[in-house]
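Note that the coordinates shown come from a computational prediction; the quantities given were computed from them, not determined experimentally.
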Amino acid sequence: MLEFYYLNFIMNKDIEKKWSLKWQKAKLYKNSAVKGEKFYCLDMFPYPSGSGLHVGHVEGYTASDILSRFKRMTGYQVIHPMGWDSFGLPAENYAIKTGVHPSKTVASAIANFSSQMENLGLEYDWDREVKTSSPEYYKWTQWLFLLLYKNGLAYKKKAKVNWCEKCSTVLANEQAETGFCERCGDQVIQKDLEQWFFKIVDFIEDQEFQKKKIKGLLSGLDDIDWPQPTKTAQKNWIGKSIGARVNFVVSDGQENYNLEVFTTRPDTLYGCTYMAINPEHELIQKFSSKIKNLAEVSKYIAEAKKKTEMEKMMAIKEKTGVELEGIFAINPLNNKEIKIFVADYVLSGYGSGAIMAVPAHDERDYLFAKKYNLEIIEVISGGDISQEAYTGDGRLINSDIINGLEVKEAQEKIIKYLLNNKIGQADINYRLRDWLISRQRYWGAPIPIIYCDKCGEVPVPEKDLPVVLPEDVNFLPTGESPLKHSKSFHKVNCPVCGKPARRENDTMDTFVCSSWYYFRYLDSQNSQIFAEKANISQSMPVDLYIGGADHSVMHLLYARFIAKVLEKYGYSDVNEPFQKLRHQGMILAEDGSKMSKSKGSVVNPNDVIAEYGADTLRLYEMFMGPLEDPKPWNTKNILGVKRFLDKIEEISSRVFLEKFDSNKYQDLILELNKSIKKVGEDIEELKFNTAISQLMILVNNFSQFEVIPKEYFQKLILILAPFAPFIAEELWDRIGNQFSVHQQNWPTYDENLLSSTQISLAVQINGKTKGVIKIAPDLSEEEVCRIVSGDEKLQKYFLNDYKKVVWVKNKIINFIF
RNA sequence: GCCGAUGUGGUGAAAUUGGCAAACACGCACGACUCAAAAUCGUGUACCGCAAGGUUUGUGGGUUCAAGUCCCACCAUCGGCACCA
């Protein structure tokens, strides 16, 4: 008993510290010496925040850690790196609040994160570590920018951007979705600014370049093993619409103007009864002198501009607009004059910013037409347009040349007609826009462009990279880029003519930094190139990428885009960077809601480690449920896995070496073999919860024996090792084995033993299970029938003859009466 | 509104992918050890019933010898998107 307490005492902290020091010294996880197939296991690298690792990080990182360890034990050369997504707004905002320079807060956060990771026993290869805010890293982020720039994929244009007054910065569409700044919650307004864009739209479809076929962002999705919802989210985000462009003539009776509109329903063109343009459309300027009610129109436009996203959302049911009196449009099919409205339900960034409205067959146009008493012409039969718009299929009516056709045929015929008469053509539109990458912020990678009075926009020569982020910057937001006022930063001469020039003030979106980091891991020290192509060929693609579902769209889409750019220009030969992707589900508070600071329901992994130890935390999080499901935290349940580990430790004191009679251990041997198989298979499929329950069953088996042969116990320790690396190492040591358990091979199991074991077969009468019989595997139907009819308990069911037997070998026998 | 996911005991969950529903844990109850408590160990624990037996995977229908699993309709919860013509 005394010994037992002693064991418990030295568990946890002491052994954890002891072994992690030893592991570090031994550089256990460097795989350079190992032969065998590569396995690239990638975690989404964290943003090193001041609050440290979250239990959600622990979940994903433990999962990849278990798999990496298992893969290494089964002979793979595992690449399992970690790094820091250390540029970005949070560090800068924190700096603004406290006055402490971001480089300092980031450095201490990284120190904290890495020590937490070490405490958790995560086996990263720290020689590969990258930090996006270090000049050695962002040099290559800038190089990447230049690669895109040189190939016409990075360009500058004036654009309406989402602007947050409080943060004094441009926000990506994704960061301003609600109409309020994602970071500070302030209202987002629209502002016209010169901005840098990456041409992501060019990579939506497949392309050919120098006889190479580059698969696009859409078709590439077919080749990868990702959660279907994530693929669908990407597809929807890209938002491909197939339709036609139609030429409308806009006129005031004298002067004509050609206006093309995009539609997915060219078949409904005869039902077009008005046209609507967005409030910023150039048509208004063009005809300003001809619009009779210009004052009213201007007022509407001004109001529309002021609308918050919130009000716009409310307006989904209540459409507004103003007719442009004095001008009209002509439907090119029937030359009918139709009214033109300015309406804010028409988006400026999509298509040409103008629509042909078909109230009978479009819900939005229907609402608008009802409100303003506009004509509604039914052109597709099948609905009741006195009640609502009909968007389904049917035969065309009131449509001259396409009357009687089905929707699909009508579309084809109309497109042909448009083309023949030069009034339109087939067209495709995407919801995805080019990627706005400039930020008027300090804590990011500077955009490597120089402006010269004489030579204009000049890219920084590659030899001058990195363009170092200056330290002498007042990073308090002023409405302009903080870099604008750094003297040292702008002390530069034009690389072309040598005259004094100025640098670009903007920095890059942090998503640019995180779009290529998985390449850098493969050659993190290289100062000549972002990553040697040979290294890339050898190690890419990533075999498993684990990270939160919150990155389903942005990060993953941008990373795929950049990978495709690198492939196109010959720097890599992978098209899809992440072969398999899995998300860890969100860990919720005990009551099933999101963990929140204000409610005080956030669980700090440090506390759990302090109380129960790292192995317990790892095991608990993996035992909670399926990796991908959202799961509520339950402090009580931690005890279950804690007891399980204590039990193993207790058993270890009963391990002995002497000769033994294996016949006494038949059941244990069988369970051990079963477990080696099942745990291995479950890890491979990321089903850690069931792997652990099998380990528990096995341990319960062990605990029934007074004395336990070392041979068996050490196999248990081996299959436990990926889950609970500290305790496994400690017990491996205690039973007298050489350091380290983490350098051993995964044990093998006896397939013959498993397949020759008796199985239990369900016996059903009329489809209901009435009993179970134990039989040898692979018995025939006749033999099983004989056994069943001889079975005492089942005999009573066989008073009459049965009509039919359903026999599924090794599974079930069903007698139908 | 649209898209997606989920729904199984008091709780977290499992179910070889159409073949014994509730494995493994938590909790609870009772018992052992203890002066006592904690810890630990043992037994029980889906529901109804003393039992034989019957019922049960959000609801209603269907396919099948057999449905938690497949099909149809509906309901609830969670997550994402926001007028993309």
Taking only the P atom of each, what is the distance from B:rC71 to B:rA5 in whole angstrom?
12 Å
Do A:L324 and A:V342 have side chains that get closer than 4.5 Å, going by heavy atoms?
yes
Would you say CD of A:E363 has more than 12 non-hydrogen atoms from neighbouring residues, nucleotides or ligands within 6.0 angstrom?
no
Do the side chains of A:F688 and A:P626 get nearer than 4.5 Å, heavy atoms only?
no
For residues A:V763 and A:K770, determine if any side-chain heavy atom of one lies less than 4.5 Å from a side-chain heavy atom of the other.
no
What does A:K768 touch in the nucleic acid at a heavy-atom separation under 4.0 angstrom: a base, only the sugar-phosphate, or nothing?
sugar-phosphate
For nucleotides B:rC20 and B:rU56, find the distance between their C1' atoms and express it as a whole number of Å.
15 Å
Which atoms form the tightest heavy-atom contact between A:T264 and A:S241, and what is the distance?
CG2-CB, 3.8 Å
Pairs under 3.5 angstrom, nitrogen or oxygen only, protein versus nucleotides 70-76 of chain B, please.
none

Assess the pair A:F341 and A:F368: is the distance between their ring centroids shorter than 6.0 Å?
yes
A:D646 CG to B:rU40 P: how many Å, rounded?
8 Å
Of the listed B:rA23, B:rA25, B:rC83, the closest approach to the A:M696 side chain comes from B:rA25
Ring geometry between A:F262 and A:Y350 (parallel below 30°, tilted from 30 to 60°, perpendicular above 60°)
perpendicular
How far does the P atom of B:rG31 sit from the matching atom of B:rG80, given to the nearest Å?
50 Å
Distance, rounded to the nearest Å, where A:I587 contributes CD1 and B:rG79 contributes C1':
16 Å
Angle between ring planes, A:H551 versus A:H555, binned at 30° and 60°: parallel, tilted or perpendicular?
perpendicular
Quantified in whole Å, what is the P atom distance between nucleotide B:rA66 and nucleotide B:rA76?
32 Å
With pairs defined as Watson-Crick or G-U wobble and both distances under 3.5 angstrom, please note down RNA chain B as a dot-bracket string, | for pairing with another strand.
(((((((..(((......[....)))((((((.......))))))(((....)))..(((((..]....))))))))))))....
Rounded to the nearest angstrom, tell me the gap between atom CD in A:E628 and atom C1' in B:rC78.
16 Å
Is there a side-chain contact between A:T230 and the phosphate of B:rG80, meaning an N or O under 4.0 Å from OP1 or OP2?
no
Quickly work out the A:I648 CD1 to B:rA25 P distance and round it to whole Å.
12 Å
P atoms of B:rA15 and B:rC3, separation to the nearest Å:
30 Å
Would a 4.5 Å heavy-atom cut-off, applied to side chains only, mark A:I355 and A:M275 as touching?
no
Taking everything shown except A:N700 itself, do over 12 heavy atoms lie less than 6.0 Å from its CG?
yes
What is the distance, to the nearest angstrom, from the CG atom on A:D550 to the C1' atom on B:rC81?
15 Å
Scan A:S760 against the nucleic acid and name what it touches under 4.0 Å (heavy atoms): base, sugar-phosphate only, or nothing.
base
Polar atoms only, N or O, under 3.5 Å: list the protein pairs with nucleotides 64-69 of chain B and their distances.
| residue | atom | partner | partner atom | Å |
| --- | --- | --- | --- | --- |
| B:rC65 | O2' | A:N814 | ND2 | 3.3 |
| B:rC65 | O2 | A:N814 | ND2 | 2.6 |

Without decimals, in angstroms, what is the distance between A:R431 CZ and B:rC83 C1'?
10 Å
Taking syn as within 90° of 0 and anti otherwise, name the glycosidic form of B:rG9.
syn
Once you apply a heavy-atom cut-off of 4.0 Å, does A:N700 come out as touching a base, just sugar-phosphate, or nothing?
sugar-phosphate
Just checking, any donor-acceptor pair under 3.5 angstrom between side chains of A:T320 and A:Y300?
yes
Contact class for A:I697 vs. all strands (heavy atom < 4.0 Å): base, sugar-phosphate, or nothing?
sugar-phosphate
Of the nucleotides B:rG4, B:rA25, B:rG19, which one has an atom closest to the side chain of A:I812?
B:rG19
Would you measure the distance from the P atom in B:rG9 across to the matching atom in B:rG18 and give it in whole Å?
23 Å
B:rU17, syn or anti by chi within 90 degrees of zero:
syn
Taking the same atom, C1', in B:rC33 and in B:rC48, what whole-Å distance lies between them?
37 Å
Where do N or O atoms of nucleotides 27-31 of chain B meet protein N or O atoms at under 3.5 Å, pair by pair?
| residue | atom | partner | partner atom | Å |
| --- | --- | --- | --- | --- |
| B:rG27 | OP2 | A:R643 | NH1 | 3.4 |

Does the protein touch nucleotides 7-16 of chain B at the base, only the backbone, or not at all? Give it as B, S and - per nucleotide, heavy atoms under 4.0 Å.
-----BSSS-
Nearest-Å distance, CE (A:M554) to C1' (B:rC81)?
12 Å
Apply salt bridge (Lys or Arg N to Asp or Glu O under 4.0 Å) to A:D682 and list each qualifying residue two or more places apart in sequence or on a separate chain.
A:K678
Looking at A:K631, A:R618, A:H54, which one forms a side chain to side chain donor-acceptor pair (under 3.5 Å) with A:E59?
A:K631
Once you round it to whole Å, what is the distance between P of B:rC26 and CZ of A:F644?
12 Å
Could you walk me through whether A:I200 and A:L217 satisfy the side chain to side chain contact (heavy atoms under 4.5 Å, CB included) test, starting with their C-alpha distance in whole Å, then the side-chain angles of each, then the deciding distance to 0.1 Å, before giving a yes or no?
CA-CA 9 Å; A:I200 190 170; A:L217 293 165; 3.8 Å; yes
With a 6.0 Å cut-off on ring centres, are A:W633 and A:Y620 close enough?
yes
Rounding to an integer number of angstrom, what distance separates B:rG68 and B:rU6 when you compare their C1' atoms?
13 Å
Side chain to side chain, A:F248 and A:M356, heavy atoms closer than 4.5 Å:
yes
Counting only side-chain nitrogens and oxygens, does A:Y345 get under 4.0 Å of the OP1 or OP2 atom of B:rA85?
no
Measure centre to centre between the rings of A:W435 and A:Y558, then say whether the value is under 6.0 Å.
yes
Verdict with supporting geometry, A:L645 and A:L619, side chain to side chain contact (heavy atoms under 4.5 Å, CB included)
CA-CA 9 Å; A:L645 291 173; A:L619 224 39; 3.5 Å; yes
